[in-house]
Amino acid sequence: MKQEKVLYQDFLQSKNLKLTKPRLIIMEAVLENHDHFNVDDLYEQIKMKHKDVSRATIYRTIPLLIESGLVKQSLRCESKDIYEHTYGHENHLHFICTNCGKILESSFNEVEKLINQLAKNENFKISEYNLGASGLCKDCKK
Ligand SMILES: [Zn+2]
Ligand SMILES: [Zn+2]
Ligand SMILES: [Zn+2]
């Protein structure tokens, strides 16, 4: 986690922002959470230890975390944005169940090759992949 903290601090500094206590708390919570989360999930997680971080602060801080490269928005579900931290996780695609909200991750390798080839044909430089599909998981399909 040290490395990410340095990264985040450098990023904030480049924007003339300080690593305030709420920013640090939110960063640490995000890095502890290896799952997909929305702002409400994150708020519940933080509230257990830190009662003084408001939901509004989390909303304001997420864009900073995204811009710093620590977090990405992975998908939208029921009009909520869902995020995950990127560090230590490979590119993957998401299958989201519209019935129970379960999110499955699937390996990306074969598709990535294909997309890279398509991008090359268009002379397009990819900076981020964003792939997914929604439907019913195996439990809800029954
Ligand atoms: Zn992780
Ligand atoms: Zn389901
Ligand atoms: Zn994911």
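Just so you know, ligand 1 is whichever comes first in the structure, and atom 1 is the first atom listed for that ligand. Bear in mind the structure is a predicted one, so any value in this text is a computation, not a measurement.
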Taking the Zn ion (ligand 1) as the reference point, name the nearest N/O/S atom of H34. ND1
Any N/O/S of H89 under 2.8 Å from the Zn ion (ligand 3)? no
NZ/NE/NH1/NH2 to OD/OE distance under 4.0 Å, E67 and K15: yes
H85, N/O/S atom nearest the Zn ion (ligand 1): NE2
I'd like the atom name of the N/O/S atom in E105 lying closest to the Zn ion (ligand 3). OE2
For a distance under 2.8 Å, give residue and atom name for each protein N, O or S atom next to the Zn ion (ligand 2). C97 SG, C100 SG, C137 SG, C140 SG
Among H89, H36, H34, exactly one meets side chain to side chain donor-acceptor pair (under 3.5 Å) together with E84. Which residue is that? H36
side-chain contact (heavy atoms from CB on, under 4.5 Å) partner of V71, the single match among L31, V30, T86: V30
Could you give me the CA-CA distance, side-chain angles and deciding distance for Q73 and I62, then say whether side chain to side chain contact (heavy atoms under 4.5 Å, CB included) is met? CA-CA 9 Å; Q73 186 193 330; I62 292 274; over 6 Å; no
For residues T57 and S54, report the shortest heavy-atom separation together with the two atoms involved. OG1-OG, 2.8 Å
Could you point out which residue of N130, L104, I82, L75 forms a side-chain contact (heavy atoms from CB on, under 4.5 Å) with H94? L75
For Q45 and D41, run side-chain hydrogen bond (donor to acceptor under 3.5 Å, both in side chains): C-alpha distance rounded to whole Å, both residues' side-chain angles, the deciding distance at 0.1 Å, then the answer. CA-CA 6 Å; Q45 183 193 340; D41 299 331; over 6 Å; no
Give the atom name of whichever N/O/S atom in H92 sits closest to the Zn ion (ligand 3). NE2
Between Q13 and K18, does the side chain to side chain contact (heavy atoms under 4.5 Å, CB included) criterion hold? Intermediate values first, please. CA-CA 7 Å; Q13 216 159 47; K18 284 204 168 67; over 6 Å; no
Measure from the Zn ion (ligand 3) to every N/O/S atom of E84 and report the name of the nearest one. OE1
Can you list the residues that meet the ring pair (Phe, Tyr, Trp, His ring centres under 6.0 Å) rule with F108, with sequence neighbours excluded? Y129
